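These notes are about the structure you will find just below.
On a predicted model such as this, the values are computed, not experimentally measured, just so you know. A, B, ... follow the sequence lines: proteins, then strands. Residue 1 opens every chain.
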Protein chains: 2
Amino acid sequence: MPIGRPRAFCLDTALNRALEVFWRKGYEGTSLSDLTKAMGINRPSLYAAFGNKEALFRKALDRYIEEKGAYVREALEAPTARGVVERLLFGAADMLTNPDHPVGCLTVQGALTCGQEAESIRQELAGIRAQYETRIRQRMEQAQREGDLPPGADPAEVARFIATIAQGMAVQAAGGASRESLRQVAETALRVWTRQTVPTAPA
Amino acid sequence: MPIGRPRAFCLDTALNRALEVFWRKGYEGTSLSDLTKAMGINRPSLYAAFGNKEALFRKALDRYIEEKGAYVREALEAPTARGVVERLLFGAADMLTNPDHPVGCLTVQGALTCGQEAESIRQELAGIRAQYETRIRQRMEQAQREGDLPPGADPAEVARFIATIAQGMAVQAAGGASRESLRQVAETALRVWTRQTVPTAPA
DNA sequence: CCATATTCTTACCAATCGGTACAGAACTTG
DNA sequence: CAAGTTCTGTACCGATTGGTAAGAATATGG
């Protein structure tokens with residue numbers, strides 16, 4: 001046990017509370033008072049433990065990606081390209097509407113736009129979304145090497161398309177879309193999966 | 001000409017400037033100072049002419065829908081279902097990346113999440129997005145009556161899928177996606193259009 | 001018990017937030 | 001010209017923003 005007065009709150013749960021608030025209200029929409037109230041601590045405790053609002057957001061974002069983004073990592077490990085997409089889209093539908101936490105996706109609704117002071121947060125989130133697309137593309141390239149994706153298909157195009165649908169689902173979730181409706185979107189996308197990966201049908 | 005001191009600025013261009021700022025920074029990310037600076041007027045002039053920040057946003061939103069959403073109305077009037085979708089998606093790709101105004105879609109990035117005070121704006125935007133989907137659905141129902149969409153297809157499902165893609169494109173645009181990449185997404189979606197509208201292929 | 005180290009609480013900071021009071025300027029009407 | 005009306009500019013409002021100084025409180029190591 002470290003020397004000095006012991007911390008009266010749990011870092012872990014406090015961070016979880018902060019994540020929830022940022023998730024619901026976005027970076028700019030969340031005030032320090034919102035945070036301290038939800039975390040059950042005073043302002044100086046927050047600053048001592050997490051730095052400042054921006055640093056706290058980044059820590060919450062790390063946790064979000066680690067925990068709520070776990071399904072993405074698992075999906076990318078599915079044996080077939082089709083399985084990857086299936087897990088990505090249904091995983092998104094479930095995560096985005098999970099009643100155990102706020103709806104939608106933090107990387108989309110955290111700061112899609114913002115004032116000057118939050119610009120670096122906005123860019124970080126955009127970078128994470130870009131990474132998401134990149135990882136799908138790399139997985140599709142692998143699938144193509146493995147003969148799992150037709151040689152004529154464009155992995156980048158497939159990845160962008162899937163990422164766009166997933167991000168659209170995030171917008172839908174932010175607007176209150178039900179899990180069933182998002183699952184239907186995933187189903188629709190999957191129904192055409194095989195066809196979609198073939199750029200041009202031979203005449 | 002009305003009695004009293006004449007207004008020293010143009011209502012129309014001032015509103016356009018306001019729209020541009022809200023579009024770039026979102027409702028919460030835009031401050032009164034941002035607005036007055038961009039509009040070239042002082043605070044009391046803004047309040048006298050437009051009410052308050054929220055009323056100004058709503059007026060800017062009206063103009064946005066009227067002008068930048070024109071392509072949606074035109075798209076819905078295309079003769080075939082496929083033509084409708086084609087115009088919707090390529091129109092979105094072009095509008096979302098038009099260099100003459102901010103990138104992305106105001107109804108998506110204006111206030112996807114927010115603090116308490118902007119809640120009514122958030123809901124209004126969500127409602128407009130829902131309307132967008134509804135209008136597509138109604139057009140697909142019409143197409144189905146006209147035999148333009150297979151009887152087995154679900155107009156609501158098609159509409160939701162198209163709306164989701166369009167909204168995903170808006171997120172991509174907010175992240176800096178190029179016009180070409182969004183056009184590619186539109187192309188990908190259209191390539192599978194015919195197949196997609198047939199729920200289950202007969203065995 | 002003392003010294004040291006860390007956290008907690010209270011109270012505060014300057015800056016900015018959205019919004020407005022007020023006086024003078026600029027116009028029309030008579 | 002004078003009266004009436006509306007806009008503009010300055011200067012301000014209370015509330016809230018993110019962030020912190022200072023001292024009391026609580027632990028460990030001696």
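Using a 30° and 60° split on the angle between ring planes, Trp23(B) and Tyr64(B) fall in the perpendicular class, above 60°.
Taking the centre and axis of the six-membered ring of Phe9(B), the NZ or CZ atom of Arg7(B) falls inside the cone set by 45° and 6.0 Å.
Rounded to whole angstrom, the span from the CZ atom of Arg43(B) across to the C1' atom of dC17(C) amounts to 8 Å. Rounded to an integer number of Å, the gap from CD1 of Ile3(B) to P of dT28(C) is 9 Å. Put simply, CG on Leu56(A) is 10 Å from P on dG19(D), counting in whole angstrom units. When rounded to the nearest whole Å, the span between CG of Asn42(B) and P of dA21(C) equals 17 Å. Spacing between atom CE of Met39(A) and atom C1' of dC8(C) amounts to 15 Å, rounded to whole angstrom units. Atom CD1 in Ile41(A) sits about 8 Å away from atom P in dC8(C), given to the nearest Å. When rounded to the nearest whole Å, the span between CD of Glu117(B) and P of dG14(D) equals 20 Å. Between the CZ atom of Arg5(B) and the P atom of dA23(C) there is a distance of 16 Å, rounded to whole Å.
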Run the numbers on Arg87(A) and Glu74(A) for salt bridge (Lys or Arg N to Asp or Glu O under 4.0 Å), then give the verdict.
CA-CA 8 Å; Arg87(A) 281 170 177 75; Glu74(A) 293 164 12; over 6 Å; no
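Here the closest heavy-atom approach between residue Met169(A) and residue Thr164(B) is recorded as N-CG2, 3.4 Å.
Regarding contacts with the backbone of dT20(C), every side-chain N or O of Tyr47(B) stays at 4.0 angstrom or more from both OP1 and OP2. Residue Asn52(B) has no polar side-chain atom (N or O) positioned under 4.0 Å from OP1 or OP2 of dG18(C). A close approach under 4.0 Å does not occur between any side-chain nitrogen or oxygen of Ser45(B) and OP1 or OP2 of dC7(D). Contact annotation: Ser33(B) reaches the phosphate of dC17(C) (side-chain N/O to OP1 or OP2, under 4.0 Å).
Considering CD1 of Ile162(B) and CG of Leu190(B), their distance stands at 7.5 Å, rounded to 0.5 Å.
When heavy atoms are screened at a 4.0 angstrom cut-off, Ala8(A) is found touching the sugar-phosphate backbone but no base atom. Thr30(B) comes within 4.0 angstrom of the backbone, heavy atoms only, and of no base. Residue Pro44(B) is classed as a base contact, given a heavy-atom separation below 4.0 Å to a base.
DNA chain C is contacted by both Met1(B) and Gly51(B); Gly51(B) maps to the nucleotide lying nearer its 5′ end (nearest heavy atom per residue). Nearer the 5' end of DNA chain C, as judged by each residue's closest nucleotide, is the contact made by Gly4(A), out of Glu54(B) and Gly4(A).
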